Amino acid sequence: NMFKNVIVKRPSRSMVNGITSAPELGKPDYELALKQHDDYIQALKSCNVEVTVLEADERFPDSCFVEDTAVITKNCAIICNPGADSRNKEIEDMKETIKKFFSEDKIEYITSPGTVEGGDVMMVGNHFYIGKSFRTNEEGARQFIEKLEKHGYTGSIVTLEEVLHLKTGLAYLENNNLLVAGEFIDKEDFKNFNKIVISQDDSYSANCIWVNDNVIVPYGYNKTKRAIEKAGYNVIEVDTSEYRKLDGGLSCLSLRF
Ligand code: CIR
């Protein structure tokens with residue numbers, strides 16, 4: 001179950017106008033964000049994946065967060081229908097990119113009134129958890145499960161109470177290991193996982209990514225880093241401070257398949 005490909009998109013200068021729930025953190029510094037994006041790409045390359053780098057799109061301040069535009073699996077790609085209006089048209093460009101990897105019969109679309117953002121979808125083997133959030137609605141989740149089943153997968157819905165996206169507080173590290181923070185720590189849906197619990201102060205670091213037995217972790221969260229190392233992974237740190245200012249983390253910045 002290794003990843004071969006990763007798609008990322010360069011941040012735009014307009015990112016300073018991206019959506020945020022934490023304006024008190026200040027506006028992102030574009031130059032620093034670019035440097036952090038370079039480091040992110042380097043980290044991915046060190047995990048033996050082919051990285052496709054899309055050009056920045058100034059029309060969409062949040063467009064570097066490509067994860068929300070699609071969910072890509074081995075068998076199919078599902079183009080999302082982002083619930084955030086300012087982000088909805090980000091899917092147009094992603095569709096074209098995905099067509100380079102998948103034939104038309106393997107590409108599915110979520111349609112209105114259904115909304116889904118990929119940050120609400122977590123893959124665990126052949127099963128997908130779909131967060132019902134402010135961005136992903138019931139109808140979107142229903143369509144998503146229907147598409148999954150068509151391509152040999154299953155899905156279930158998890159209702160979110162607090163965080164933006166499902167993967168804001170969860171990361172699956174394969175081998176039944178699950179990073180959990182906040183509202184997900186005690187959720188019934190995840191009781192059979194080997195949980196690595198992230199404390200409230202470090203909750204941002206629950207958004208990590210497993211890439212071929214390495215785990216990329218946000219820089220500056222030593223407790224999280226040590227816990228993941230203890231679970232047997234090679235940890236790579238990448239600073240994401242400028243993306244954090246827009247509620248974005250490591251998973252949001254790429255599509256991995
Ligand atoms: C947004 O609010 O849509 C962006 N500022 C952050 C998106 C983060 N994406 C993710 O968690 N998958």
Side-chain angles (χ1 to χ4, degrees), residues 6-30 33 36-37 40 44 54 56-72 77-91 93-94 110 115-123 128-137 140-141 144 158 160-172 179-184 198 203-211 216-218 238 240-257:
V6 174
I7 301 173
V8 302
K9 188 174 212 156
R10 300 295 275 165
S12 56
R13 287 184 185 277
S14 62
M15 76 182 293
V16 295
N17 300 317
I19 306 170
T20 182
S21 67
E24 70 278 6
L25 296 178
K27 298 251 186 222
D29 172 333
Y30 169 69
Q36 293 177 348
H37 204 259
Y40 182 68
L44 288 164
L54 305 177
D57 190 339
E58 291 297 335
R59 294 171 302 163
F60 304 114
D62 288 295
S63 52
C64 59
F65 301 117
V66 285
E67 176 178 65
D68 296 316
T69 62
V71 174
I72 309 186
I78 304 178
I79 311 290
C80 295
N81 191 23
D85 286 340
S86 67
R87 303 201 55 193
N88 192 266
K89 294 284 177 294
E90 291 176 22
I91 60 176
D93 192 27
M94 190 52 73
I110 302 300
T115 63
V116 172
E117 293 191 358
D120 277 319
V121 179
M122 182 173 74
M123 175 177 77
F128 291 74
Y129 292 91
I130 301 141
K132 199 170 74 148
S133 68
F134 282 115
R135 303 287 184 86
T136 297
N137 64 18
F144 198 90
V158 181
L160 304 200
E161 325 280 344
E162 286 161 22
V163 294
L164 173 64
H165 286 124
L166 183 71
K167 280 183 288 186
T168 307
L170 279 179
Y172 185 56
L179 285 186
V180 288
E183 63 184 282
F184 302 113
I198 308 292
S203 61
Y204 176 75
S205 64
N207 184 275
C208 291
I209 48 174
W210 176 94
V211 188
I216 307 181
V217 175
V238 174
T240 54
S241 63
E242 303 317 291
Y243 301 94
R244 185 184 181 191
K245 294 174 182 172
L246 300 178
D247 303 325
L250 289 162
S251 80
C252 320
L253 290 169
S254 61
L255 285 168
R256 304 161 296 280
F257 58 104

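Both ligands and their constituent atoms are indexed starting at 1 by order of listing. This is a predicted model, so every value here is computed, not measured.
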Look at Glu67 together with Lys167 and state whether they make a salt bridge at an N to O cut-off of under 4.0 Å.
yes
Donor-acceptor check, side chain of Thr115 to backbone of Asn81, threshold 3.5 angstrom: yes or no?
no
Please tell me if the side chains of Pro218 and Leu250 come closer than 4.5 Å, counting only heavy atoms from C-beta onward.
yes
Using every non-hydrogen atom in the two residues, find where Met94 and Ala70 come nearest and quote the distance to one decimal.
CG-CB, 4.3 Å
Of the side chain and backbone of Lys167, name the one, both, or neither that has a heavy atom under 4.0 Å from an atom of ligand 1.
neither
How far is atom 10 (C) of ligand 1 from its nearest protein heavy atom, and which residue and atom is that?
Cys252 SG, 2.8 Å
Below the 3.5 angstrom mark, is there an N/O of Ser251, backbone or side chain, next to an N/O of ligand 1?
no
Which atoms of ligand 1 are found less than 4.0 Å from any heavy atom of Arg135?
1 (C), 2 (O), 3 (O)
Just verifying a value: how many Å separate Tyr172 OH and Tyr129 OH, rounded to the nearest 0.5 Å?
9.0 Å
Atoms of ligand 1 under 4.0 Å from any heavy atom of Asp62, numbered from 1 in the order shown, are 4 (C), 5 (N)
Min N/O separation Ile19 to ligand 1 under 3.5 Å:
yes
Non-hydrogen side-chain atoms of Ile198 and Tyr204 separated by less than 4.5 Å:
no
If you count the atoms of ligand 1 from 1 in the order shown, which ones are under 4.0 Å from a heavy atom of Leu246?
4 (C), 5 (N), 6 (C)
